[in-house]
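Just so you know, ligand 1 is whichever comes first in the structure, and atom 1 is the first atom listed for that ligand.
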Amino acid sequence: MKKYKIVLLSGDGIGPEISDVSKKVLKELSKNHNFDIEIIEKLFGGIAYEKYGTPSPDETIDQCKKSDAVLLACVGDIKYDSLARELRPESGLLKLRSALNLFANIRPVKVRKSLLDASTLKKEIVEHVDLIVVRELIGGIYFGKPRGHITNTKIPKAFNTMVYDSAEIERITEIAIKIANQRNKKICSVDKSNVLEVSQLWRDTVLNITSKDKNISLSNIYVDNAAMQLVRDPGQFDVILTSNLFGDILSDLAAMLTGSIGMLPSASLNNNGPGVFEPVHGSAPDIAGKNIANPIAMLLSASMMLKIGLNEEEAAENLETAIDKVLSKGFRTADIADGSSEVLSCSEIGDKIMDEI
Ligand code: NAD
């Protein structure tokens with residue numbers, strides 16, 4: 001029997017509630033699909049700061065490095081916003097990404113048929129949306145040096161540096177090619193090469209690498225046009241490949257095509273070693289502790305973990321089918337409910353999904 005060791009970071013806010021559902025579901029899937037999954041729980045985020053004075057204790061990071069995959073719920077709370085930047089829960093996330101060298105962030109955006117009406121866009125615009133944003137995660141302007149404040153000027157000044165070398169662009173392009181080859185083989189690379197030198201290098205490198213794979217059809221668009229096209233005709237996209245800053249903005253925009261942040265998973269990967277699988281949403285402090293959060297984004301992240309991280313494709317399919325069945329029967333959490341749905345709590349919808357597995 002295959003054995004996996006995963007680290008579960010429940011984090012803050014609604015994290016423990018949605019993690020409970022994920023734990024139960026993973027255990028059930030392991031029974032049905034004949035694998036053994038050891039779930040090691042570690043403190044991370046605000047809760048780790050409370051106990052250890054740091055959001056990302058070394059012990060947590062070491063355990064993550066030794067695992068087959070990491071499943072993370074969410075971190076953060078307004079009460080930590082006044083802490084020094086390096087002590088805030090969100091800094092823990094950056095440390096984890098760096099420590100595991102997670103250079104590729106993968107965010108699938110698929111509109112589930114039963115939730116077509118949940119989008120703020122017209123049904124006919126979103127019904128064919130099934131795209132993946134591949135975002136470079138540990139380079140570009142968020143990490144570029146020099147950066148800082150200039151204080152000896154008449155008015156305050158601050159600056160950052162957007163920098164990539166071709167090796168960083170090559171490795172994220174290779175990930176996009178791999179993903180595109182499992183789909184419709186279309187990559188749209190997004191940059192701002194009409195203005196930025198770093199984007200010109202991005203465009204040239206992406207062209208160079210993708211031209212080696214004759215199956216791939218590549219298009220390039222500027223980031224401002226990409227934002228417009230994502231709202232005008234999102235169904236045209238298959239794989240969107242882009243840099244850290246542009247990906248941060250576009251992936252949130254794309255995410256909202258589906259209508260609810262409570263439905264969106266993501267994976268952060270490197271070429272070897274464990275990936276981190278986590279919902280797109282934050283810790284939702286406004287609803288924490290009420291058992292009303294939507295656990296599906298975390299369950300879909302667990303599904304990505306099963307598929308990409310553990311190669312348990314059938315278990316992942318089983319989970320996604322179970323989620324679709326529950327939604328098509330009209331069971332919803334409050335965030336995705338419409339007039340005709342039966343509104344369930346976080347744990348209740350988890351139980352319904354368990355029943356379908
Ligand atoms: P948020 O995603 O936590 O919440 C935004 C809105 O969506 C809220 O109204 C919330 O109730 C709702 N929501 C989010 N997830 C939901 C779910 N699963 N089910 C139902 N409703 C859901 O974003 P925010 O309010 O801007 O941030 C709250 C905290 O989370 C902040 O401290 C922020 O820094 C942190 N954060 C963490 C992550 C992460 O852990 N990866 C990501 C984003 C924000």
| said: Could you check whether atom 3 (O) of ligand 1 has a protein contact, counting only heavy atoms that fall below 4.0 angstrom? | reply: yes

| Evaluating non-hydrogen atoms only, which member of I261, L9, D81, D12 is closest to atom 7 (O) of ligand 1? | I261

| query | Against heavy atoms of V75, which atoms of ligand 1 measure under 4.0 Å? | reply | 30 (O), 35 (C), 36 (N), 37 (C), 40 (O)

| request: Output the distance between atom OG1 (T321) and atom CD (E314), rounded to the nearest 0.5 Å. | output: 11.0 Å

| Residues clustered with F159, ILVMFWY side-chain links under 4.5 angstrom | I150

| request: Could you tell me whether D77 approaches ligand 1 through its side chain, its backbone, both or neither, with non-hydrogen atoms closer than 4.0 Å? | output: backbone

| Pairs flagged by side chain to side chain donor-acceptor pair (under 3.5 Å) wherever residues 61-87 is involved - sequence neighbours left out | E50-Y80

| Per atom 15 (N) of ligand 1, closest listed option by heavy atom (H281, R88, M298) | H281

| said: Is there a path of hydrophobic side-chain contacts, each under 4.5 Å between heavy atoms, that joins V75 and L87? | reply: no

| request: Could you tell me whether ligand 1 has any atom less than 4.0 Å away from a heavy atom of A293? | output: yes

| query | atom 28 (C) of ligand 1: protein heavy atom closer than 4.0 Å? | reply | yes

| request: Could you tell me the separation between the OG atom of S345 and the NZ atom of K290, rounded to the nearest 0.5 Å? | output: 14.0 Å

| query | Rounded to the nearest 0.5 Å, what separation is found between the CG atom of N105 and the CZ atom of R107? | reply | 6.0 Å

| request: Following the transitive rule for hydrophobic clusters with a side-chain heavy-atom cut-off under 4.5 Å over Ile, Leu, Val, Met, Phe, Trp and Tyr, establish whether I47 and L71 coincide in one cluster. | output: no

| remark: the protein heavy atom lying closest to atom 30 (O) of ligand 1 turns out to be S283 N, 3.1 Å

| query | Charged N to carboxylate O below 4.0 Å: is that the case for K192 and D224? | reply | yes

| said: Just verifying a value: how many Å separate I18 CD1 and N291 CG, rounded to the nearest 0.5 Å? | reply: 12.0 Å

| query | Short check: is a protein heavy atom less than 4.0 Å from atom 25 (O) of ligand 1? | reply | no

| Hey, are D324 and K113 close enough for a salt bridge, meaning a charged N less than 4.0 Å from a carboxylate O? | no

| query | Under 4.0 Å from any heavy atom of G76, which atoms of ligand 1 are there? | reply | 32 (O)

| Numbering the atoms of ligand 1 from 1, which are under 4.0 Å from a heavy atom of E278? | 41 (N)

| remark: Looking at P285, S266, A334, G282, the heavy atom closest to atom 36 (N) of ligand 1 belongs to G282

| task | Heavy-atom contacts with D335 under 4.0 Å: which atoms of ligand 1 show up? List them by number with element. | result | 20 (C)

| field | Contact atoms of ligand 1, heavy-atom distance to C74 under 4.0 Å | value | 40 (O)

| request: Write out the residue and atom name of the closest protein heavy atom to atom 8 (C) of ligand 1, then the distance separating them to 0.1 Å. | output: D286 OD2, 3.5 Å

| request: Using a distance threshold of 4.0 Å (strictly less than), state whether atom 10 (C) of ligand 1 has a protein heavy-atom neighbour. | output: yes

| task | Would you give the length of the straight line joining atom CZ of R135 to atom CD1 of I249, rounded to the nearest 0.5 angstrom? | result | 9.5 Å

| remark: ligand 1 to E90, heavy atom cutoff 4.0 Å, flagged ligand atoms 31 (C), 32 (O), 33 (C), 34 (O), 35 (C)

| task | Compare L93, I336, I287, N294 and give the one whose heavy atom is closest to atom 22 (C) of ligand 1. | result | I287

